[in-house]
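Here the structure comes first, spelled out in structure tokens, and everything after it is commentary.
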Amino acid sequence: MILLDETEIRSYLQDFPIDLEIMILKSTPSTNDYFKNHTKKPFLQFCFTEHQTQGRGRFGRSWIAPFGVNIMFSCRFVIEQNSNHLAGLSLCTGLAVLTALEEFGIEGISCKWPNDILYHQQKLAGILIEIQAQRQDQTEVIIGIGLNVNMDKAMLREINRPVTSLQVITGIPQNRNKIAALLIQNLCTYLERFRHKGFTDFQEEWNKRDALTGKTIALKSGNDLITGIAAGVDAFGNLLLQFESGEIKAYCAGEVTLSAYSLHDTHLAKNF
Ligand code: BTN
């Protein structure tokens with residue numbers, strides 16, 4: 001097993017212009033929580049770990065992985081914007097991960113709103129973003145990313161959901177240090193673009209990479225279950241759903257599940 005190594009990661013980042021901190025821990029409860037109790041710096045900070053004892057996913061789920069097998073990290077920074085302007089940041093992060101994977105040579109990747117990375121409808125990576133307003137016009141952002149790299153089929157079976165890993169996709173174990181560098185590089189580029197232009201600049205790119213468009217989906221939002229046909233996202237990163245009447249509505253939060261039927265099968269939403 002080759003462990004994550006800062007020197008090796010930095011060797012792939014040569015001539016990279018941005019100051020950044022890269023920490024690598026053997027084990028920690030959660031890399032997102034790490035930043036809550038450690039020194040905060042005025043530039044991008046990355047914390048990777050080989051193992052998490054209390055790794056967290058979205059919707060209160062846990063995020064579990066064996067030691068030294070996947071990539072789990074968080075990126076912390078402060079953005080000079082009101083937290084209301086950060087809609088779309090999670091979609092932008094998803095696009096950065098997708099681009100890093102494509103640069104690594106993986107094809108067939110798409111994004112599932114708001115920020116799952118899929119390989120042919122199987123989850124390859126997840127993103128957990130936590131933001132905290134510091135002032136009216138300043139927000140602290142912690143982006144946590146978990147990417148399944150060298151999990152084998154037996155490990156994946158334990159997750160009990162449709163998931164995959166780079167090792168299963170390519171048939172061989174992959175170099176996590178090289179992938180970590182590509183993730184850092186693309187996150188820096190995408191976050192800088194988001195800082196200057198907001199999500200509007202990514203809307204078209206997202207809609208090209210959207211795993212849901214044209215599919216009948218169910219959106220669980222609070223106690224509501226809304227069924228409609230996914231129609232991409234708007235300029236703020238809201239999910240657009242089209243209903244039988246032709247009406248299109250935008251949704252800013254919720255968990256999406258795919259209906260057993262897609263637009264190719266029927267234009268009508270079926271029962272769930
Ligand atoms: C999801 O899809 O549910 C989000 C998963 C996010 C997992 C990552 S692993 C690194 C960081 N630390 C955590 O505790 N969670 C995120």
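What you see is a predicted model; the values in this text were computed from it and never measured. When a ligand or atom number is given, it counts from 1 through the structure's own listing order.
Classified by interplanar angle (parallel below 30°, tilted 30° to 60°, perpendicular above 60°), the ring pair Phe67/His51 is tilted.
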Quick one: ligand 1 N/O to protein N/O pairs below 3.5 Å?
residue: ligand 1; atom: 2 (O); partner: Lys123; partner atom: NZ; Å: 2.6
residue: ligand 1; atom: 3 (O); partner: Arg58; partner atom: N; Å: 2.6
residue: ligand 1; atom: 12 (N); partner: Thr31; partner atom: OG1; Å: 3.2
residue: ligand 1; atom: 12 (N); partner: Gln52; partner atom: OE1; Å: 2.9
residue: ligand 1; atom: 14 (O); partner: Ser30; partner atom: OG; Å: 2.8
residue: ligand 1; atom: 14 (O); partner: Arg56; partner atom: N; Å: 2.7
residue: ligand 1; atom: 15 (N); partner: Arg56; partner atom: O; Å: 2.7

Tabulate below the donor-acceptor pairs under 3.5 Å that side-chain atoms of residues 17-24 make, not counting sequence neighbours, or state none.
residue: Glu21; atom: OE1; partner: Gln45; partner atom: NE2; Å: 2.8
residue: Glu21; atom: OE2; partner: Lys41; partner atom: NZ; Å: 2.4

* **Derivation of the side-chain contact (heavy atoms from CB on, under 4.5 Å) call for Lys249 and Ile226** => CA-CA 11 Å; Lys249 281 191 183 168; Ile226 304 145; over 6 Å; no
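When each of Gln54, Glu130, Gln52 is paired with Asn32, the side chain to side chain donor-acceptor pair (under 3.5 Å) condition holds for Glu130 and for no other.
Here Met72 is tied into one hydrophobic group with Trp63, each link being a pair of ILVMFWY side chains closer than 4.5 Å.
His120 pairs by the ring-ring contact (aromatic ring centres under 6.0 Å, His included) definition with nothing, not counting sequence neighbours.
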